[in-house]
2 protein chains.
Amino acid sequence: MNPIVNISQQFAAQNYKLTPQREAIVKVLLDNEKDHLSVEEVYMLVKTSYPHLGLATVYRTLELLCELHIVEKMDFGDGVARYDLRGDDHAHMHHHLICNVCGRLEEIKEDWLHDLELRLEQEYGFNVTDHRLDFKGTYNTCKRNGCKGEKDCQAVS
Amino acid sequence: MNPIVNISQQFAAQNYKLTPQREAIVKVLLDNEKDHLSVEEVYMLVKTSYPHLGLATVYRTLELLCELHIVEKMDFGDGVARYDLRGDDHAHMHHHLICNVCGRLEEIKEDWLHDLELRLEQEYGFNVTDHRLDFKGTYNTCKRNGCKGEKDCQAVS
DNA sequence: TTATAATTAGTAATCGTTACGAATTAAGCA
DNA sequence: TGCTTAATTCGTAACGATTACTAATTATAA
Ligand SMILES: [Mn+2]
Ligand SMILES: [Mn+2]
Ligand SMILES: [Zn+2]
Ligand SMILES: [Zn+2]
């Protein structure tokens, strides 16, 4: 399904309207789904398609998207909040690999935590509703060659 | 080994001194190892043992402890950075269970990610140096009874 | 001692975020 | 259609956690 239509329906389901401003912001996120944009970055990017949009609207819309579990607010330790599309069904938050050498950030969409969450349910009586798993480390290629900023590099900051 | 002596040696190993101010701050962290204190909370607590200690020194010392991998700077989404003792050898960052109902935070010291990290090495050529794993969910006891603030509750904020 | 470096204290400045009032737009209804 | 009310947006002021900076203090070394 067209992701904009899909998101529009999720807005409607909670009695929210997908205003032109909100749609412009959502499109920026979809057009940069590999990135993890900050508020300021979204603000800059959305200005090209909607020049008069205000910064406060970006803050409010991203907060709303969090509430709807469409995006996840993340902190990568660089002093600004970053926003990450959760993906199709929003059920499971994807995992991250972050390279110490070049800052590249790779996503693992597959859910690697299912077994552990079963164990938490059984041994701890804890029912998991969400999770966050990030790995920091070094790609062997980066260790050997140094990262030369290949085109698939998605540095966080 | 006495944890203060241990930490003192780690300071010395990197040519840092464990000044009285730094020691007072480290003791606050050790005396509250179950908590995840913010800078302001450390500042308040350390004032009882060292009334003249300045806020900037708390910031600087916690930053230094991060650099030495003695503590981990964490963001639980409540607007302030919180600091978490990594534990004995600092090698592995422990995991968290956070209850949606009562905010209780439980730590899992055991490393549940070893197998996944082997897989990352082999399938992704990615050598993990650190990780972060937090689960959000609900304790069955909290779901049934509501959390009545039992004595072992360690709410984050 | 005297010079040099490290550390601390206090506070001003910074900057991401939040709060707020006025203006605009949409929805509901006669 | 007009009128009323609610939702949304805009611009900006206020907030507050963090950082930066200077002077004072303390340790280290010649
Ligand atoms: Mn991501
Ligand atoms: Mn912890
Ligand atoms: Zn790399
Ligand atoms: Zn609970």
Side-chain angles (χ1 to χ4, degrees), chain A residues 7-8 10-28 36-47 49-68 70-84 156-157, chain B residues 7-8 10-28 36-68 71-84 156-157:
Chain A
I7 288 173
S8 175
Q10 296 176 246
F11 270 71
Q14 304 284 331
N15 279 32
Y16 291 117
K17 282 163 281 191
L18 190 62
T19 65
Q21 288 96 334
R22 287 170 178 171
E23 185 171 345
I25 290 167
V26 168
K27 276 181 178 160
V28 163
H36 298 73
L37 300 174
S38 67
V39 171
E40 206 68 31
E41 287 167 350
V42 171
Y43 181 56
M44 290 307 179
L45 288 167
V46 81
K47 287 242 161 206
S49 64
Y50 204 117
H52 291 304
L53 197 147
L55 180 59
T57 301
V58 179
Y59 273 100
R60 257 183 285 102
T61 301
L62 289 171
E63 191 184 8
L64 186 54
L65 290 166
C66 277
E67 185 188 321
L68 298 176
I70 294 168
V71 303
E72 186 74 18
K73 187 179 188 177
M74 307 226 72
D75 170 57
F76 290 106
D78 61 345
V80 292
R82 294 184 175 275
Y83 294 83
D84 200 357
V156 172
S157 59
Chain B
I7 288 173
S8 175
Q10 296 176 246
F11 269 70
Q14 304 284 331
N15 279 32
Y16 291 117
K17 282 162 280 192
L18 190 61
T19 65
Q21 289 96 332
R22 288 170 176 171
E23 185 171 346
I25 291 168
V26 168
K27 277 182 177 158
V28 163
H36 298 73
L37 300 174
S38 67
V39 170
E40 206 68 32
E41 287 167 351
V42 171
Y43 181 56
M44 290 308 178
L45 288 168
V46 82
K47 285 240 159 207
T48 65
S49 66
Y50 204 116
H52 291 304
L53 196 145
L55 180 58
T57 301
V58 179
Y59 273 99
R60 257 182 285 104
T61 301
L62 288 171
E63 191 184 7
L64 186 53
L65 289 166
C66 277
E67 186 188 321
L68 298 176
V71 303
E72 187 73 18
K73 186 178 187 177
M74 307 227 71
D75 169 57
F76 291 106
D78 62 345
V80 293
R82 293 184 175 276
Y83 293 84
D84 200 357
V156 171
S157 59

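Remember, it's a predicted structure, so these values are computed and weren't measured experimentally. Below, chain A is the first sequence line, B the second, and so on; all start at residue 1.
The distance from atom CG of A:D78 to atom P of C:dG16 is 10 Å, rounded to the nearest whole Å. Atom pair B:E41:CD and D:dA17:P shows a separation of 11 Å (rounding to whole Å applied). The nearest whole Å value for the distance from the CD atom in B:E23 to the P atom in C:dT7 is 15 Å. Atom CD of A:E63 and atom C1' of C:dT18 are 9 Å apart (whole Å). As rounded to whole Å, 15 Å separates atom P of D:dT12 from atom CZ of A:R60. Distance A:Y50 OH to C:dT24 P: 13 Å, rounded to the nearest Å. In this structure, the OH atom of A:Y59 is 12 Å from the P atom of C:dA19, given to the nearest Å. If you measure from atom CG of B:L55 to atom P of D:dT18, you get 9 Å, rounded to the nearest angstrom.
Nearer to the 5' terminus of DNA chain D, by closest-nucleotide assignment, is the contact made by A:Y16 (compared with the other of A:Y16 and B:V39). For the pair B:G79 and A:H52, both in contact range of DNA chain D, the more 5′-proximal nearest nucleotide belongs to A:H52.
For the pair B:F11 and B:L65, the minimum side-chain heavy-atom distance is below 4.5 Å. Looking only at side-chain heavy atoms (C-beta outward), B:Y83 and B:K73 come within less than 4.5 Å of each other. Within the 4.5 Å cutoff, the side chain of A:V80 has heavy atoms near those of the A:R82 side chain.
Considering only side-chain N and O atoms, A:T19 lies under 4.0 angstrom from the phosphate OP1 or OP2 of D:dT9.
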Side chains of residues 43-58 of chain B: which donor-acceptor pairs under 3.5 Å do they make with residues two or more places apart or in other chains?
unit_1: B:Y43; atom_1: OH; unit_2: B:K47; atom_2: NZ; d: 3.3
unit_1: B:K47; atom_1: NZ; unit_2: B:P51; atom_2: O; d: 3.1
unit_1: B:T48; atom_1: OG1; unit_2: B:L45; atom_2: O; d: 2.9
unit_1: B:S49; atom_1: OG; unit_2: B:V46; atom_2: O; d: 3.3
unit_1: B:Y50; atom_1: OH; unit_2: B:Q21; atom_2: NE2; d: 3.3

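Of all nucleotides listed (D:dT8, D:dT9, C:dA9), D:dT9 comes nearest to the side chain of A:Q21. With distances taken from any side-chain atom of A:K73 to the nucleotides C:dA19, C:dA27, C:dT18, the minimum falls on C:dT18. Nearest nucleotide to the side chain of B:V80, out of D:dC10, D:dA17, D:dA20: D:dA17. Checking C:dT17, C:dT8, D:dA20 against every side-chain atom of A:A81, the shortest atom distance belongs to C:dT17. When distances run from any side-chain atom of A:T57 to the nucleotides D:dT9, C:dA9, C:dT7, the shortest one goes to D:dT9.
Nucleic acid contact class of B:R22 (heavy atoms, under 4.0 Å, all strands): sugar-phosphate only.
The list of salt bridge (charged side-chain N to carboxylate O under 4.0 Å, His left out) pairs with a residue in residues 15-24 of chain A, not counting sequence neighbours, reads A:E23-A:K27.
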